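What's counted below: heavy atoms across the whole structure, side chains too, no hydrogens, waters or symmetry copies. Note that the structure is a prediction, hence the values are computed from the model and not measured.
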There are 6 protein chains.
Amino acid sequence: MANTNYGSPKNKGGRAGERLPDQLREVRLTPDYTEWAEGSVLVEFGKTRVLCTASVDEKVPPFRAGKGLGWVTAEYGMLPRSTHTRSNREATAGKIGGRTHEIQRLIGRSLRGIMDFTRLGERQIIVDCDVIQADGGTRTASITGGYVALALACHKLQTKKLVLRSPLRAQVAAISIGLIGGQPLLDLDYSEDSRADVDFNVVGLDNKQLIEVQGTAEGAPFSREQMNQLLDLAETGLEELFRLQKAALASALGTGH
Amino acid sequence: MANTNYGSPKNKGGRAGERLPDQLREVRLTPDYTEWAEGSVLVEFGKTRVLCTASVDEKVPPFRAGKGLGWVTAEYGMLPRSTHTRSNREATAGKIGGRTHEIQRLIGRSLRGIMDFTRLGERQIIVDCDVIQADGGTRTASITGGYVALALACHKLQTKKLVLRSPLRAQVAAISIGLIGGQPLLDLDYSEDSRADVDFNVVGLDNKQLIEVQGTAEGAPFSREQMNQLLDLAETGLEELFRLQKAALASALGTGH
Amino acid sequence: MANTNYGSPKNKGGRAGERLPDQLREVRLTPDYTEWAEGSVLVEFGKTRVLCTASVDEKVPPFRAGKGLGWVTAEYGMLPRSTHTRSNREATAGKIGGRTHEIQRLIGRSLRGIMDFTRLGERQIIVDCDVIQADGGTRTASITGGYVALALACHKLQTKKLVLRSPLRAQVAAISIGLIGGQPLLDLDYSEDSRADVDFNVVGLDNKQLIEVQGTAEGAPFSREQMNQLLDLAETGLEELFRLQKAALASALGTGH
Amino acid sequence: MANTNYGSPKNKGGRAGERLPDQLREVRLTPDYTEWAEGSVLVEFGKTRVLCTASVDEKVPPFRAGKGLGWVTAEYGMLPRSTHTRSNREATAGKIGGRTHEIQRLIGRSLRGIMDFTRLGERQIIVDCDVIQADGGTRTASITGGYVALALACHKLQTKKLVLRSPLRAQVAAISIGLIGGQPLLDLDYSEDSRADVDFNVVGLDNKQLIEVQGTAEGAPFSREQMNQLLDLAETGLEELFRLQKAALASALGTGH
Amino acid sequence: MANTNYGSPKNKGGRAGERLPDQLREVRLTPDYTEWAEGSVLVEFGKTRVLCTASVDEKVPPFRAGKGLGWVTAEYGMLPRSTHTRSNREATAGKIGGRTHEIQRLIGRSLRGIMDFTRLGERQIIVDCDVIQADGGTRTASITGGYVALALACHKLQTKKLVLRSPLRAQVAAISIGLIGGQPLLDLDYSEDSRADVDFNVVGLDNKQLIEVQGTAEGAPFSREQMNQLLDLAETGLEELFRLQKAALASALGTGH
Amino acid sequence: MANTNYGSPKNKGGRAGERLPDQLREVRLTPDYTEWAEGSVLVEFGKTRVLCTASVDEKVPPFRAGKGLGWVTAEYGMLPRSTHTRSNREATAGKIGGRTHEIQRLIGRSLRGIMDFTRLGERQIIVDCDVIQADGGTRTASITGGYVALALACHKLQTKKLVLRSPLRAQVAAISIGLIGGQPLLDLDYSEDSRADVDFNVVGLDNKQLIEVQGTAEGAPFSREQMNQLLDLAETGLEELFRLQKAALASALGTGH
């Protein structure tokens, strides 16, 4: 897919760092960022930084017990000053807000979507996604990094012979796209996100299938045609993310892996 | 769009009440179901029954104050025995669950998407959607009925000369569609919803534009082609809902309206 | 008991709908109002509408376990716009208020007062009373309707042979009475309730015995004589309610029942 | 009223300390038990001990503001080991239980029932009733002692010339009575309370008027006749309590008061 | 240690009641202040009054189960009007504040520091410290009184042969000291505490060993030398407290004990 | 102070990384670790990593308003998998635990201890300390890093001319020391901390004055002599920390600063 479909020379200058409309921010995946977790990665999409850890718990939640099947769940949080102006801690407020609930449910569904729970066996993996610095796209970064943390934890379970065959059936990653002034843009940063008319988050697999599409008209409604343009753009971004995930896991687990 | 695209004779029997794949359940809108609210409607999609009320508050939330602009927000709840097995009250649990948060945020965004807040003026309309009986599709019924309650409240504001011109820029409705065994189905009931591979909720306007698309792979990932089939089906359902909304408002407000 | 004791012609006009001082509002009991619950009824006292459902749970609370005895408990809630001005949801507030606690404890005690828990066996019936529209007397409507929902659920347990003999030892109903300007009035609506000097709620059995009397001087203290006048009036109202409960159950369960 | 109406010689021995059926436990009121509060009293009914303090707050609650009228509210709590077996702290549980809510609402209504809020002026008095040791009758002891604390605080406001005439229109006290095996008993202790068939709490004024009657059938329903017997007995007890309140206030404020 | 080290004649007059710098307020320990608890004492340091009760629970917390070892924990609370101006109840606020947490953790650690948990056996003693009136030093009074309540409860366990040898390995008490204008003062009352530059709480054993030292510069930093002066002063106070604890226990348990 | 006082050759090998008894772990301070906060630093003590950010709020808390004085407060949190085994989020639990309260109160007091609030002016600085990875000493790392974040924020206020003279009166840092088997050790890591008999946290200023000393006997009581040995050791550690803080600030703000 050529850039020229999405970005004409004159509005190219509109993105920070001279980014093209169909260009991701610089994405970095730093595996084994912390030591105690079974899997951990620092994922960065430009200035957005999220620490993802995967913790193995040998118990499953009550609704899942006694079936021989595993479970994956996710939790999401933002450090109080990960945002431009400080937000109150949810622990202090005494409750988790609606946005947090919505995001952690999305991350959990996305990661469960690639799991073979029979292979995982009756144990739970909890993926924590904590935002160190937010500049747009924290939920898609969380899914993209969450996959890497999950894969590292699964690998550790295999190494310890607790799991025989990999419980991962596919790679999963996520990306945001949006419409600003009619222009489809890939991987919105915060300043773009806050003035987008339409905002989509797409969660896909490395076989081009999708597992979650969430599109919202923030400023103006959208047509089926615009939606299709945005989804085309998402595919481009996801492909690049799958490549980066593979590279990060290879570096962490050794070349032959 | 012909039914034959979606439902062959042999699987027609698979839906309760001999429903066709592209057929809505019986939808009923009973305006003015309660007396105190500025707008109220009982919306039924088959056995799913939701009471929607719109309450006008002459104050806006703090983040909105002093701008001369109005606001619309939504709250959603389920009566404890609206479900097949009784659920605990969120009031007793002391907190609102993630699903409730997600749904009430969706309803709120959908209804705000059609509002002209300058015309509404600095006041808030709170739309409460309370599920009396649940049989699948409560969030889409809430949006569809929420629009009617909101329109009745706006009409009352105009009647009282508090608002000069209607703050509604369009009609909004929502419908679910899903894939079961590869078959796209419109307006899933609970038993269908719980075995669907893919589940979409689509919020659209009466000009065919969309304002929210949420698709989730519950059991198996989906392709772009399948997604397009589902969205075609959604359009059919939405058209019928816009017609029913119009009829309900006409009956409540008088023919010439 | 003659009306003339309580209502002289000249103040008869003071009640909405030309109601006599010792006259109930129109009371309607609509059994099987919802489908999933083991017992359900919509109870209406004039504009007051409460949905009562009875849910059977095969477990009893911990303090009751292992004794072979059943339990009945009640929960009470108001929809946010059941009231003239919208109230905040208790789920959003994160806690149940004092008034709600007080009412649901009263309903629970009243319904337990007629139960033979040995016959019920070690299971719990939860009676949910949710106010759709409030116009005074929601707690007495809840008890009156709660009995019908409970009776329907007990009948279902007998039909399924889970319970051999009816666990109901009596009928129970409740009514409010009050003093306004020295005049005893039966079944206060909201506008009466808010200007009553004295407000009583009486819970009685169909054998004329009482199980709960709660009288409060809202505006002025009361004498023993006044209290006795009010209790006489309550008896009249309760008799009518027992008759209506019987009729509702007969219609739901068949004549010969 | 003669004892012989209520207690025959043979069951006299049934009460702790050879108490007669119409005899109060030893009641002690120790005014000024603590120093900081505007009014304070330790009230004891036998082993039941409640510390009541009245705190003057120069602000009224929001719903009362700007009307020139005062307010009285009450809070009630039990120390964790005031009971035979330790109860969890409500502060640790994070919420106030239903029983506590019910009791503190009753105390508040009872004390408000004697107030002239115009004379009090736009200020609030908060009466805290904290149970040091519980042996039945804590709510009636709280009302009886709460009156004394309230009267001391009102006296202090008059002494400081903040209030010109006493805002107290009457004395208020409360007592429990119950039926055990058909025998009416005055002022139940815990062991009596837990086996009573019927349990009444009566709040009365020193002019024989009543402001609150709450009667509950714990074990068996009751007739109008039994209820009247119990209320007769309550009158006896209340008279003694009014005498003791007067004596306590006289000792605290000086004879001529 | 001579008083002359700490209090010169000219500033002697600075303390309430002509107290010397190294002099405790009048300390009173009233054992068996309440009846239900296994151990109870009212501890008073001048106007500070704290009720300490020790409750034996035959279960230990989950983290301690199955090890044959006991546990001691403490809870702390203040009555709303124990303070000069009324504080809100933590139960009403729905959460325990930071100061309360800090204090109850300190009391618990201090009391656990003298326990032989093997001798206690797998049971828990909960020490509740509830402040009736606060005038500074409530946490040190709680520890000092908490020891007496704990010792009474342990004695009761021995009397009942549930415990064979005393689980107490030492006496524990606590005292505050502070620096005001360079002058070390023992046992600060509220007015002193609120203007102290440095505030220490010291928890010690009757063998002169320490188990907790907490020193905070409220107004000005302190030197090692000043800290040593304060700790010398604490030793004087602790010795007196150990003597008073012994006397209180002897009076409660009989001389020969 | 010579190492030989504290570490004999034979037990030197007991510390991870051949660390000497009076030797700090490798301490790293990375200023400007995040971009949005007015001050930020990543502080590492060996494997312990804490992100400290300082956020300027132009409002002070209500109790401080209208006095022309500033305020500093601190909040502390641990990421769920910062610990060896995953802990539940406090946001999910709905309340902040006692340990967190205790720590954030300590950090706040320590940082306030060096502030000139007149110079700061009526604004608040909130210092958030979030533990990325925990290996003992997180509270002392938080204070040490918190100072750097606070200094960076103060510098920014001076640069913007919002504050004229530095509101910092001294440098503040904190260190832990402990006794293991009679051996005093500086800067305990988690494995040392969990088997220490005595554990001290000392907060000091660069002029050798102290502002907080907290010592706890975890396993065995301690003598005044042992306490003095530990405080000597703390002084050594604090000096090194002051040097590192100076270097970090110099690198962030330019040499001449």
Side-chain angles (χ1 to χ4, degrees), chain C residues 73-76 90 93-114 169-172 179 197-232 234-235, chain D residues 73-76 90 93-110 112-114 169-172 179 197-232 234-235 238:
Chain C
T73 192
E75 296 194 5
Y76 170 93
E90 294 190 322
K95 59 184 172 185
I96 292 180
R99 178 183 171 277
T100 297
H101 268 304
E102 197 171 294
I103 293 176
Q104 64 192 14
R105 285 161 59 90
L106 171 64
I107 303 169
R109 280 198 309 271
S110 298
L111 297 177
R112 282 192 294 276
I114 58 158
R169 297 187 307 204
Q171 263 178 273
V172 63
L179 270 182
D197 291 317
V198 177
D199 180 22
F200 267 70
N201 290 294
V202 177
V203 185
L205 306 185
D206 54 346
N207 63 4
K208 293 200 173 235
Q209 298 278 91
L210 302 176
I211 60 173
E212 188 99 17
V213 171
Q214 293 193 341
T216 301
E218 304 282 1
F222 53 90
S223 66
R224 291 281 296 277
E225 292 65 34
Q226 288 173 313
M227 182 172 169
N228 276 318
Q229 276 188 308
L230 291 170
L231 292 171
D232 288 345
E235 281 185 19
Chain D
T73 192
E75 296 196 5
Y76 170 93
E90 294 189 322
K95 58 183 171 187
I96 291 181
R99 179 183 170 275
T100 297
H101 268 305
E102 197 171 294
I103 293 176
Q104 65 192 14
R105 284 161 60 89
L106 171 64
I107 303 170
R109 281 198 309 271
S110 299
R112 282 191 294 276
I114 58 158
R169 299 188 304 205
Q171 262 180 274
V172 62
L179 270 182
D197 290 318
V198 176
D199 179 22
F200 266 70
N201 291 294
V202 177
V203 186
L205 306 186
D206 53 347
N207 63 1
K208 291 200 176 236
Q209 297 279 90
L210 301 177
I211 59 172
E212 187 99 18
V213 171
Q214 293 195 341
T216 301
E218 303 282 1
F222 53 90
S223 66
R224 292 280 298 277
E225 291 67 33
Q226 287 173 314
M227 182 173 168
N228 276 317
Q229 274 188 308
L230 291 170
L231 292 171
D232 289 344
E235 281 185 18
L238 289 173

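Comparing C:M227, C:K208, C:K95 by heavy-atom pairs within less than 4.5 Å of chain D, the highest count is held by C:M227. Across C:S110, C:G113, C:A170, C:A217, the residue that shares the most heavy-atom pairs under 4.5 angstrom with chain D is C:A217. For the set D:G98, D:A220, D:G219, the count of heavy-atom pairs under 4.5 angstrom toward chain C peaks at D:G98. Ranked by heavy-atom pairs under 4.5 Å with chain C, the first of D:Q226, D:E102, D:R224, D:E218 is D:R224. Per-residue counts of heavy-atom pairs under 4.5 Å with chain C were compared for D:H101, D:Q214, D:R99; the largest is that of D:H101.
Within the model, atoms CZ of C:F200 and CG of C:L179 stand 8.5 Å from one another, a figure rounded to the nearest 0.5 Å. Once rounded to the nearest 0.5 Å, the distance linking CZ of C:R105 with OG1 of D:T216 reads 9.5 Å. How far CG of D:L230 is from CG of D:D199: 9.5 Å, rounded to the nearest 0.5 Å.
For D:N228, the parts sitting under 4.5 Å from any heavy atom of chain C are the backbone and the side chain alike. For C:I114, no part sits under 4.5 Å from any heavy atom of chain D, backbone or side chain. In this structure, chain D has heavy atoms under 4.5 Å from both the backbone and the side chain of C:L210. Both the backbone and the side chain of D:I211 come within contact range of chain C, each with at least one heavy atom under 4.5 Å from a heavy atom of that chain. For a residue to count as touching a neighbouring chain, one of its non-hydrogen atoms must lie under 4.5 Å from one of that chain's; by this rule D:R112 does not touch chain C.
Pairing each heavy atom of D:Q104 with each of D:Y76, the nearest pair is OE1-N, 2.9 Å. Here the closest heavy-atom approach between residue D:A74 and residue D:G108 is recorded as CB-N, 3.7 Å.
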